[in-house]
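Below, all heavy atoms of this structure are taken into account, side chains as well, without hydrogens, waters or symmetry copies. Letters go in sequence order (proteins before strands), and every chain restarts at 1.
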Amino acid sequence: MTDPRKIEVFSPETLSAAVQVLAEVGSEAHILAGGTDLMVALEKGFWQPKGFVLNISRIEPELRYIRMEDGDVCMGALTTFADIARSDLLNTEAPSLVAAAREIGAQQIQNRATIGGNIMNASPAGDSMPPLLALDARVVLKSNEGPRTLPLFSFYPAYRETVSQPSELLTEVRIARRDSPTQDYFRKVAPRRAQAISKVILAARAWNVEETEEGPRIGSIRLGVGSVAPTPLRLFETERLLEKAVLTPSLMGAAGHMLETEISPIDDMRSTAEYRRQVCRRLLDDFLSNLLLES
Amino acid sequence: MNPKIVGTRVPRDDGRQKVTGESLYVDDIDIPGMIYGTTVRSPVASAKVVSVDWDEGYDWTGIVRVTAKDIPGENSLPLLIDDQKILADRRILHMHEPIALLACSDPTRLREARGHVRLRYKSQPMVSQIEDSLEAEVKVFGADNVFKDIQISKGDPATILPKCHHRLEESYITGHQEHLYLEPQGMIGAWQDGVLTLTGSLQCPYYVHKAMKAVFGLKDDEVRVNQAVTGGGFGGKEEYPSLLAAHVALLARKSGTPVKMVYERAEDMCATTKRHPSEVTIHGGVDEDGHLLALDVDVVLDGGAYCTLSPVVLSRAVLHAISAYRCDHVAVRGRVVATNTPPNGAFRGFGAPQTIFAMERMMDLIAETVGISPAEVRCRNHLQNGDSTATGQILQQGVSAGAVLQKALDASDFHSKWEAYQGSHSNRNRRGIGIALFMHGCGFTGHGERDLKSRAALRLFLDPQGKPRAQVLASTTDIGQGMRTTFRQIAAETLGIAFEQVELAPANTAGVPNSGPTVASRTCMVVGGLVAEAGKGCLQELGFSGTTSEVELAAALASTGAVTCEREYEPPPGLVWDDKNYRGSAYPTYGFGCTICEVEVDAVTFETRILDVVTCQDVGRAIHPSIVEGQIEGGTVQALGFAGFEKVVMHDGTMRNHDVSNYVIPTAADIAPIRVLIHEEPYSGGPFGAKGIGEMPMDGGAPAYVAAVSQAAGVSFQQVPILAEDVFAELLKKKAVKRS
């Protein structure tokens, strides 16, 4: 374990100061927001900071908000999961994200843990990413040279890696506001009903579901999964198969097959690959069956 | 007598201090000059030690180093057979075995220094589980790896079994279980003028006292053991603290300063004792109506690398193997064997939850085979007054098996629910309900209590205001179970004074007599009984035959002066036990319980949700109903954790999931409200009729849960824990779900 007293901590008061530090010595910085992942990793010896810690929690005035902007729902990176759970706007616009927020850790963790921290920690088991993927979320990265916005589905190139550069700070998450009614789904499968690490997560959103004589026809669908691949994953191929097609039992079967080709679960001390694969598929079935019932 | 304190819910003795944070646990206690200790542990499960060296390139200034060479006498921890080393010297028998000790004033430097101790060793083949241990190709202990072998026999099962109308055979498996007390193990040791003082998180001050006298060659008054406020034990702080005490005492001896050692959570989970895994096979013979005729039970427990208390755990396991049932022809064989895994030890229930799980699942199999309900098979076979146990103990009175069974059946609406869930095989979520009937022997086994000669005392005196006050002198420890409150109630009621006028002397070997260990559901029944007897003795010394008014009591105390009365335990008359042949009265009395659990298995994810738990338990007399309910609820949750959540992933001799995020105990959200029904069948040998209740709640949760999940899933399970993955795998095997 690294001696915590020997870790140099820099706590800027403004976003521009933080970004300036990253521009100069970003490759030596470990960014700390709520600390709910890092402090545990430090104690367990998984995290051995070589450089210094850039504590951004004091930039809260600039980075903790939930608001509408240009037709998007925007969340500052320091928005806590307690904020998300309580937000009327998100309860309307992003019920699956709210459901995820309510299941993260205990209340104390929800008060500390931030959406930005969860995204940047890049765990394949992170609770907020599957719903964010299903909501077509984009992330805003800021550096000295200005901001860039990219879709979350392109953010995770490999296990525990992001495309963010050392000079960049994640500042915002954006979700497009709905323009028609949606059907949303979130289910986290975990070894217990609270304070647990996920074994499988599926978040989904469908909209423009039309009634046809053969059954409901899904206009658009987004599927985000967790704990079944090295990274949080959006299931593009499965979505493609389901979009614009009439939902029949055989299409559901084909979608399940496609889902299995897209995910790559493993055996570990938390669960088995077989369980994760089958349950992930059954969760999709569960969501699609609900669509059938509701139509 | 006119009871007014016993049976009421007085405010808990230690409640305020614990809620406000005033209570000082080991980690909160500082002594001037105190430094911190840590343990260097083996990275291998089985090896010969070549050498223990210090990294020469590392700056060891200010770090105290101890190896086996620093042990003044024998390198062995005195317990049953003294096989466990204080520090491994020649052989390593399990992962995380202590090899060396370090102490330093800077705890963070200590963690770093641990990485600079160089252990050279030669790996040896290892025994990782029961099967390999029984083959005994690799020897961990003795010639055959068997720590203890016990046989019980009654009647002639060998002749009767083959003639039975139905003959059944099934094997049952239970896994390790981690205590997960909230407060990890911790101890402070200090030497002054040749006297060793230890302050620790522990259950049994006199166990530590005895062990330290032997390790350091000290006299009675040269070792003092204080119990600090203790954040849970569950048996995990019964025998283990003696090892920790030896370690801090060695470091303190070499450094010349007090040393504190508190385990990290991961270290505690990896290195300390767990519940013994078990494999139990039962051959059962019944008539066509499901009456038990003969039983042959084979019990094997995994003891881990050292003996610890395993023979005693095995004893309780075999003595509970037939549980609360009548059977005339019985054979039980039990063995506890050695493996290269961290030693297993005392854990609430002490072997009984393992064998009771097996017997209860066998009862369910009998019911299914005969075609009756699980409730009916229990109604037909439970013990009644006048029946005899497997050891031939005639239970003349107080057998409440039928009463607790009936109360639990009624409260849970078992019959109609079980019927309704029998046929339902839709694709929706499926429900199931399961039942377990059980009993638990109170106090030490056989002659244990007679040999312990436990003592407790009461001192009755006048306070400066002239009010009578009493002090209870006992080495029994409050480990969260509420014993401080219970003893104060017993003393107050006996003396006829207010609860507030009774206090407890600190559990310190220098100040209180040896009341025996705080284990075996004996605290209230045995030591509480001594407190009551001592109270009566005090009154007699003052010339009263029973309780009297406070004025008269004060007047008598004013003329006589303070009185102290000590009582030593005497077994009830007629209690005869033959330890060689396992015949006779195994326990002075038994508690009986029935637990019913209702669950729903999720059709999509195979997760189990607990819908309802009803449990009726005979406690003799509930001295403090809230405390009794707390014990029953807590024990039931721990049992449900054992059944459906808590899986120790043991791999290459080490617990892989050694953290609280991956070793999953249930939260309040996972457990339905537990409906506790207290049944009181008084025991004449206990204070106000009280029996033991600490462990019995651990016995019934697992079989009831597994029966419920089995009914809901439509497949029968014979092991714990059962996780969603196990339900899924079993349904796949039975082709009850499709693999896509």
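For OH of A:Tyr159, the number of neighbouring non-hydrogen atoms (other residues, nucleotides, ligands) closer than 6.0 Å is 12 at most. More than 12 non-hydrogen atoms from other residues, nucleotides or ligands lie less than 6.0 angstrom from NZ of A:Lys188.
Interface residue B:Val604: backbone and side-chain heavy atoms are both found under 4.5 Å from chain A. For B:Arg609, the part lying near chain A is the side chain, with the backbone staying farther off; criterion is any non-hydrogen pair under 4.5 Å. Looking at B:Val737, only its side chain comes within 4.5 Å of chain A, counting heavy atoms on both sides. Proximity to chain A is absent for every atom of B:Ala266, based on heavy atoms less than 4.5 angstrom apart.
Top candidate by heavy-atom pairs under 4.5 Å with chain A, chosen from B:Val649, B:Leu723, B:Asp602, is B:Asp602.
Residues B:Leu732 and A:Glu274 form a side-chain contact, since some pair of their non-hydrogen atoms from C-beta on lies under 4.5 Å apart.
By a heavy-atom distance cut of under 4.5 Å, B:Ala669, B:Asp670 are the residues of residues 668-675 of chain B near chain A, going up by number. Contacts between residues 173-185 of chain B and chain A, counted as heavy-atom pairs separated by less than 4.5 Å, involve no residue at all.
Of all non-hydrogen atoms in B:Asn662 and A:Met269, the two that sit nearest each other are ND2-CE, 3.4 Å. A:Arg187 and B:Glu607 make their closest contact through NH2-OE1, 2.9 Å (heavy atoms, listed as atom of the first residue, atom of the second, distance).
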Practice problem: Evaluate the criterion side-chain contact (heavy atoms from CB on, under 4.5 Å) for residue pair B:Asp659 and A:Lys44; output intermediate values, then yes/no. | Solution: CA-CA 10 Å; B:Asp659 55 40; A:Lys44 287 185 178 175; 3.1 Å; yes

Would you list the atom pairs, donor with acceptor, under 3.5 Å between side chains in residues 191-203 of chain A and any protein atom, with sequence neighbours excluded?
{"from": "A:Arg192", "atom 1": "NE", "to": "A:Ala194", "atom 2": "O", "distance (Å)": "3.1"}
{"from": "A:Arg192", "atom 1": "NE", "to": "A:Gln195", "atom 2": "O", "distance (Å)": "3.1"}
{"from": "A:Arg192", "atom 1": "NH1", "to": "B:Ile665", "atom 2": "O", "distance (Å)": "2.5"}
{"from": "A:Arg192", "atom 1": "NH2", "to": "A:Gln195", "atom 2": "O", "distance (Å)": "2.8"}
{"from": "A:Ser198", "atom 1": "OG", "to": "A:Ala125", "atom 2": "O", "distance (Å)": "3.3"}
{"from": "A:Ser198", "atom 1": "OG", "to": "A:Ser227", "atom 2": "OG", "distance (Å)": "2.7"}
{"from": "A:Lys199", "atom 1": "NZ", "to": "B:Glu725", "atom 2": "OE1", "distance (Å)": "3.3"}
{"from": "A:Lys199", "atom 1": "NZ", "to": "B:Glu725", "atom 2": "OE2", "distance (Å)": "3.1"}

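Not a single donor-acceptor pair under 3.5 Å links the side chain of A:Tyr275 to the backbone N or O of B:Asp726.
Qualifying ring pair (Phe, Tyr, Trp, His ring centres under 6.0 Å) partners for B:Phe606, counting only residues two or more places apart in sequence or in other chains: B:Phe728.
The CZ atom of A:Arg5 lies 4.0 Å from the OG1 atom of B:Thr108; values are rounded to the nearest 0.5 Å. B:Ser661 contributes atom OG, which lies 6.5 Å from atom CZ of A:Arg270 (distance to the nearest 0.5 angstrom).
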